[in-house]
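What follows is a single structure, written as structure tokens, with notes after it.
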Amino acid sequence: MPRFQRPTGTQDILPEEQPYWNRVRTFAIQLAERAGFERIDVPIFEATELFARGIGTATDVVEKEMYTFEDKGGDSLTLRPEFTAGVVRAYIEHGMHVRPQPVKLYSIGPIFRYDRPQAGRYRQFHQFNLEILGTQDPAADLEIMLLVWDLYEGLGFRGLSFQLNSTGCPRCRPGYVEVLKAYYQQHIAEICDDCRRRLQTNPLRVLDCKAEQCQPIIAAAPAIGDHLCEECADHFATLREYLDLLGKPYTLNHRLVRGLDYYTKTVFEVWAAGIGAQAAVCGGGRYDGLAEILGGPPTPGVGVAAGIERIILVMKAQGVEVPTPPGPLAFIAHLGPEARREGVRLADELRRAGLSVWLAFGERGLKSQMREANKRRARYAVILGEDELARGVAAVRDMGAGEQVEVPLEGLVTWLRERASL
RNA sequence: GUGGGUGUGGCCUAAGGGUUAAGGCACCUGGUUGUGGCCCAGGAGAUUGUGGGUUCGAGUCCCACCACUCACCCCA
């Protein structure tokens, strides 16, 4: 017999981990809906071409990280490596431009990227995603940023930092890239091999190189902020004004470029300590050209993706407590065939009454059943024996206080219900 | 794709090249007739990641593969 293991980079989220997931999911959804976002679920796989066109063929995500396969009909499909392309596709496909604009959408679910796993990185991971489609108002960028800010703050995070930059638009960015390339040509002998390669394939990326020798070059490099067109500069200035107005701290980081082709104007990340080399707990920005690239009407958009695994890592690193789910209200123990039948019936009755009940399985001694009741953290053990049955009662033991009383079977639902709400 | 570290029951850990791989946690059953938590006793559970090699003899040494892990690239 083969012994199976989970595929590399995937994880089993065990019951004891679920409280963390529930906390993050419910809180994120609550914040999104409070801000007027509506949920959209898009397929876990899409046409490969959607991602190739949307994200950009020269990006790492498309070049080497996609789970691509051919289905039996011969179509090339890809497990989604992000939400944005699929959400924008859905916006176009369902003519959502006829709805009141902008449309605010959130999604939550698994994302797939073929990559070498490490701390805070998986091949199947989960994102909480927000998109605002149909407005260029910097206030939309702000809302996106505020929402993730509130998410982290509300979860109890400390030591967060907002990294903010503008990468310009198709009008101003090419000019900046030329300036940057010209500057780097003067220092071509001093930079690392990777940067020489980046200069050809994806020039902006030289700015976030971590090689020692490149640091002085980056520090003195021309900043894109000085080369934005008027529209981009205004947009950026307004966004910063709003952030200042609300007293939200952020770091202007002209080295922040991000790896997806579709970003225009605003880009940002939130960094947190305690999750290894991966500092970013979320990343996002504006993508005003994406809808058109995907064959839809020109539609500005801005969004963010937050990595849930990384959020949970930070929660654990920072000691954020999550409520552990309570044990059952009642644990039903029984002795003898007669009592067992009554136990089965009683468990059903109590559950139908809305009470949480664990019924002991098997034919075992009372000691064993009481041990189990204790381990399952039941509040009350309902003990059914021959004696009790004959008199139409159950012995009910308060597992916390260690006190025991007899309760008539007909009155048990009421008795327990009264105490359930305490 | 590249580099480092690590692989012993479900989990944690022990075993200086030499008998039936040891212990703790967790699990199960008992400790006088039907009562949990503490304690005590017992039980089940491992072909030491896989496959080769060296050796009279390998959990221990060597090689390969696999997995996990950390880091690079990049990203959530």
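Here is how names work: the chains are called A, B, and so on, in the same order as the sequence lines, proteins then strands, and each is numbered from 1.
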Where does the angle between the aromatic ring planes of A/Y176 and A/H227 fall among parallel (under 30°), tilted (30 to 60°) and perpendicular (over 60°)? tilted
Nearest-angstrom distance, C1' atom, B/G49 to B/C66: 7 Å
Under 4.0 Å, counting only non-hydrogen atoms across every strand here, what does A/T59 touch: a base, just sugar-phosphate, or nothing? nothing
Quick one: label A/G365 by what it contacts on the DNA or RNA (base, sugar-phosphate, nothing), any heavy atom closer than 4.0 Å. nothing
May I have the distance from A/R340 (atom CZ) to B/G34 (atom C1'), rounded to whole angstrom? 16 Å
Can you tell me the distance, in whole Å, between the CG atom of A/N374 and the P atom of B/A26? 12 Å
Rounding to the closest angstrom, what is the interatomic distance between B/C27 and B/U6 at atom P? 33 Å
To the nearest angstrom, the CD-C1' distance between A/E65 and B/A76 comes to 11 Å
Across every strand shown, the nucleotide meeting Watson-Crick or G-U wobble geometry with B/C73 (both distances under 3.5 Å) is none
If B/U20 has a Watson-Crick or G-U wobble mate with both distances under 3.5 Å, name it; if not, just say none. none
Should A/E131 and A/K104 count as an ion pair when the cut-off is N to O under 4.0 Å? no
Please report the distance, rounded to the nearest Å, between CD in A/Q5 and C1' in B/U69. 13 Å
Does A/E372 reach a base, just sugar-phosphate, or nothing at all? Heavy atoms under 4.0 Å. nothing
Considering every strand and a 4.0 Å limit on heavy-atom distances, what is the contact class for A/R121: base, sugar-phosphate, or nothing? base
If you measure from the C1' atom in B/G7 to the same atom in B/G51, how many Å do you get, rounded? 15 Å
For the ring pair A/Y262 and A/Y287, is the centre-to-centre distance below 6.0 Å? yes
Using a heavy-atom cut-off of 4.0 Å across all strands, would you classify A/E388 as base, sugar-phosphate, or nothing? base
Distance check needed: B/U69 C1' versus A/L313 CG, whole Å only. 14 Å
Under 4.0 Å, counting only non-hydrogen atoms across every strand here, what does A/G336 touch: a base, just sugar-phosphate, or nothing? nothing
A/A119 near the nucleic acid: base, sugar-phosphate alone, or nothing, with a heavy-atom cut-off under 4.0 Å? sugar-phosphate
Taking OP1 and OP2 of B/C74, is either one under 4.0 Å from a side-chain nitrogen or oxygen of A/R198? yes
With A/H126 via side-chain hydrogen bond (donor to acceptor under 3.5 Å, both in side chains) - residues at least two apart: A/E309
Roughly how far apart, to the nearest Å, are B/C65 and B/G3 at atom P? 11 Å
A/I111 CD1 to B/A76 C1': how many Å, rounded? 9 Å
Below 30° counts as parallel, above 60° as perpendicular, anything between as tilted: where do the rings of A/F112 and A/Y67 land? perpendicular
Please give, in whole Å, the distance from B/U35 C1' to A/E386 CD? 16 Å
Scan A/D60 against the nucleic acid and name what it touches under 4.0 Å (heavy atoms): base, sugar-phosphate only, or nothing. sugar-phosphate
Given B/C27, is OP1 or OP2 found less than 4.0 Å from the side-chain N or O atoms of A/K375? yes
From CD of A/E363 over to P of B/U29, roughly how many Å is that when rounded to an integer? 13 Å
So does A/K64 reach the base of B/C73 with its side chain, donor to acceptor, closer than 3.5 Å? yes
OP1 or OP2 of B/C72 less than 4.0 angstrom from a side-chain nitrogen or oxygen of A/Q118, does that happen here? yes
How is A/R116 classified with respect to the nucleic acid when contacts are heavy atoms under 4.0 Å: base, sugar-phosphate, or nothing? base
A/R123 with A/E65: basic N within carboxylate O range, under 4.0 Å: no
B/C70 and B/G59: how far apart are their C1' atoms, nearest whole angstrom? 25 Å
Select base, sugar-phosphate, or nothing to describe what A/R376 touches, counting heavy atoms under 4.0 Å on all strands. nothing
Distance check, P atoms only: B/C39 and B/C25, in whole angstrom units. 9 Å
Base partner of B/C27, which must satisfy Watson-Crick or wobble distances under 3.5 Å: B/G43
Checking base pairs now: Watson-Crick or wobble, both atom distances under 3.5 Å. What partners B/C65? B/G49
Aromatic contact between A/F157 and A/Y152, with the criterion being ring centroids under 6.0 Å apart: yes or no? yes
Please work out if A/R258 contacts a base, only the sugar-phosphate, or nothing of the nucleic acid, heavy-atom cut-off 4.0 Å. sugar-phosphate
Separation of the C1' atoms in B/A46 and B/C56, to the nearest angstrom: 26 Å
Can you check the distance between B/U60 and B/C38, where both ends of the measurement are the P atom (answer in whole Å)? 39 Å
Assert: residue with more 5' nearest nucleotide on RNA chain B, out of A/G400 and A/E309, is A/G400
Ionic contact status for A/E363 with A/R340, cut-off 4.0 Å: yes
Report which part of the nucleic acid A/Y122 touches: base, sugar-phosphate, or nothing (heavy-atom distance under 4.0 Å, all strands). base
Most 5' of A/H126 and A/Q404 on RNA chain B, judged by nearest nucleotide: A/Q404
Report yes if a donor N or O on one partner sits less than 3.5 Å from an acceptor N or O on the other, where the partners are the side chain of A/R371 and the base of B/G31; otherwise report no. yes
A/R352/A/D348 salt bridge by N-O under 4.0 Å criterion: yes
Using a 4.0 Å heavy-atom cut-off across all strands, classify A/A280 as base, sugar-phosphate, or nothing. sugar-phosphate
How is A/V281 classified with respect to the nucleic acid when contacts are heavy atoms under 4.0 Å: base, sugar-phosphate, or nothing? sugar-phosphate
